[in-house]
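Reviewing the structure listed below.
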Amino acid sequence: MPINSDEGIREVLSSTKTIALVGASPNPERASHAVMHYMLDRGYHVIPVNPNEKEILGQKAVASLKDIQEPVDMVDVFRTSEAAGPLCDEAIAIGAKSVWLQLGVINEEGAKRAEAAGLKVIMDRCPAIDMPRLGMGPPNPHKPKRASQ
């Protein structure tokens with residue numbers, strides 16, 4: 001069962017140092033860019049995962065999770081719900097400790113496989129929303145603008 005309790009979310013965020021952010025974007029209007037910026041500002045080491053980019057926010061990008069050459073605590077997924085299942089499997093393969101599926105990203109089967117492999121799973125949430133709500137950091141000043149603004 002994915003983690004939904006404040007205590008569980010706080011524990012995952014507190015124990016995480018290195019985040020692989022899948023679907024990272026160089027576009028400041030994208031939520032993944034805003035969240036990556038927020039997590040970097042909070043002191044996390046964030047590895048952008050995007051096969052079309054060399055660098056995002058000063059961090060060297062990698063094409064896929066398997067290209068990461070260091071331990072990863074959390075895989076943060078900004079992809080479709082369908083893509084999240086295979087990404088949960090990749091997170092297991094690289095030895096990640098947790099998988100965080102962003103708002104609107106729900107894949108029960110992938111979550112079950114990750115949990116069975118010992119990973120903590122958070123689904124349909126955003127760390128840049130949960131951290132300020134839990135008193136773990138200020139609100140995200142990097143929120144992307146809405147299309148209507």
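Not measured: the values here are computed from a predicted model. Any value given below was found using the heavy atoms of this structure, including those in side chains, with hydrogens, waters and symmetry copies removed.
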### Query
Are Lys17 and Asp73 close enough for a salt bridge, meaning some N to O gap below 4.0 Å?
no

### Query
For Ala111 and Cys88, which heavy atoms make the closest approach, and how far apart are they?
N-SG, 4.1 Å

### Task
Look at the side chain of Tyr44 and the backbone N and O of Leu13, then say whether any donor-acceptor pair between them is shorter than 3.5 Å.
yes

### Query
Is there a donor-acceptor pair under 3.5 Å between the side chain of Ser25 and the backbone N or O of Ser32?
no

#### Entry: With sequence neighbours excluded, residues passing side-chain hydrogen bond (donor to acceptor under 3.5 Å, both in side chains) with Glu70
His45

### Task
Determine, stepwise, if the pair His142 / Asp41 fulfils side-chain contact (heavy atoms from CB on, under 4.5 Å).
CA-CA 10 Å; His142 310 291; Asp41 284 354; 2.5 Å; yes

### Task
For Val75 and Ile94, run side-chain contact (heavy atoms from CB on, under 4.5 Å): C-alpha distance rounded to whole Å, both residues' side-chain angles, the deciding distance at 0.1 Å, then the answer.
CA-CA 10 Å; Val75 174; Ile94 67 164; 4.2 Å; yes

### Message
To check you understand the geometry: which heavy-atom pair defines the closest contact between Leu65 and Ala91, and what is its length?
### Response
CD1-N, 4.0 Å

## Note on the structure
All heavy atoms of Gly8 vs all of Ser5, minimum pair found to be N-OG, 3.0 Å

### Query
Of all heavy-atom pairs between Ser98 and Thr16, which one has the smallest distance, and what is that distance?
OG-OG1, 4.4 Å

### Query
Checking side-chain contact (heavy atoms from CB on, under 4.5 Å) for the pair Val12/Ile3: CA distance, chi angles, key distance, verdict?
CA-CA 9 Å; Val12 168; Ile3 295 170; 3.9 Å; yes

### Query
More than 12 non-hydrogen atoms from neighbouring residues, nucleotides or ligands closer than 6.0 Å to CZ on Arg42, yes or no?
yes

